[in-house]
Amino acid sequence: QVHLVESGGGLVQAGGSLRLACAASEGTFSRYTMAWFRQAPGKEREIVAGFSWRGGTTYYAESLKGRFTISRENTKNTMYLQMNSLKPEDTALYYCAASTTYYSDYVLRADYEYDYWGQGTQVTVSS
């Protein structure tokens with residue numbers, strides 16, 4: 001069983017920054033594919049960014065390239081999402097997710113491909 005806990009969300013003004021963290025059970029990163037998703041009110045859950053298995057390849061949603069950065073510290077079993085130049089449309093509940101499906105050089109992008117989810121952390125960007 002994989003345990004994922006997100007933190008770092010909050011209220012920020014447009015143009016500001018936040019760094020989200022996802023603390024995972026020990027050994028998760030070596031066995032699972034990892035990603036960040038978000039879900040805004042009234043919208044479907046969408047991928048924000050993710051790693052291929054073992055982190056060799058990264059993927060970003062096109063609209064977020066250049067503003068968001070995904071990273072991880074394997075020794076701390078923690079994945080991060082640095083979010084800069086935040087916009088009101090970035091307001092959403094942000095989740096980290098782990099998948100038992102893995103490819104060495106491809107990042108899974110659909111939420112149904114992920115098996116484990118954290119409880120989410122709320123990010124609200126005011127205009």
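Keep in mind the model is a prediction, meaning the values are calculated, not measured.
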Is Lys65 paired with Glu62 through a side-chain N to carboxylate O contact shorter than 4.0 Å? yes
Going by heavy atoms in the side chains, are [X] and [Y] under 4.5 Å from each other?
| X | Y | answer |
| --- | --- | --- |
| Arg72 | Tyr80 | no |
| Arg31 | Thr100 | no |
| Arg38 | Glu46 | yes |
| Thr101 | Glu113 | no |
| Leu108 | Tyr59 | no |
| Arg54 | Ser104 | no |

Atom OG1 in Thr28, atom CG in Asn74: separation rounded to 0.5 Å?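 CG of Asn74 is found 10.5 Å from OG1 of Thr28.
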Where the side chain of [X] meets the backbone of [Y], is there a donor-acceptor pair that is under 3.5 Å apart?
| X | Y | result |
| --- | --- | --- |
| Glu6 | Cys22 | no |
| Ser25 | His3 | yes |
| Thr121 | Ser7 | no |

Tell me who clusters with Leu64, hydrophobic residues only, linked when side chains sit under 4.5 Å apart either directly or through other members.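 Reading the cluster by chain and number, Leu64 sits alongside Val2, Leu4, Val12, Leu18, Leu20, Phe29, Tyr32, Met34, Trp36, Val48, Phe51, Tyr60, Phe68, Ile70, Met79, Leu81, Met83, Leu86, Tyr94, Tyr116, Val123, Val125.
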Mark yes when over 12 heavy atoms from residues, nucleotides or ligands other than Gln119 sit less than 6.0 Å from its CD; otherwise mark no. yes
If we count only N and O atoms by modelled type, under 3.5 Å, do the side chains of Ser52 and Asp105 hold a donor and an acceptor together?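 Side chains of Ser52 and Asp105: no pair found under 3.5 Å.
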Nearest non-hydrogen partners of Val107 and Arg109, listed with the distance: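 It is O-CG, 3.2 Å.
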Are the aromatic ring centres of Trp53 and Tyr106 under 6.0 angstrom apart? no
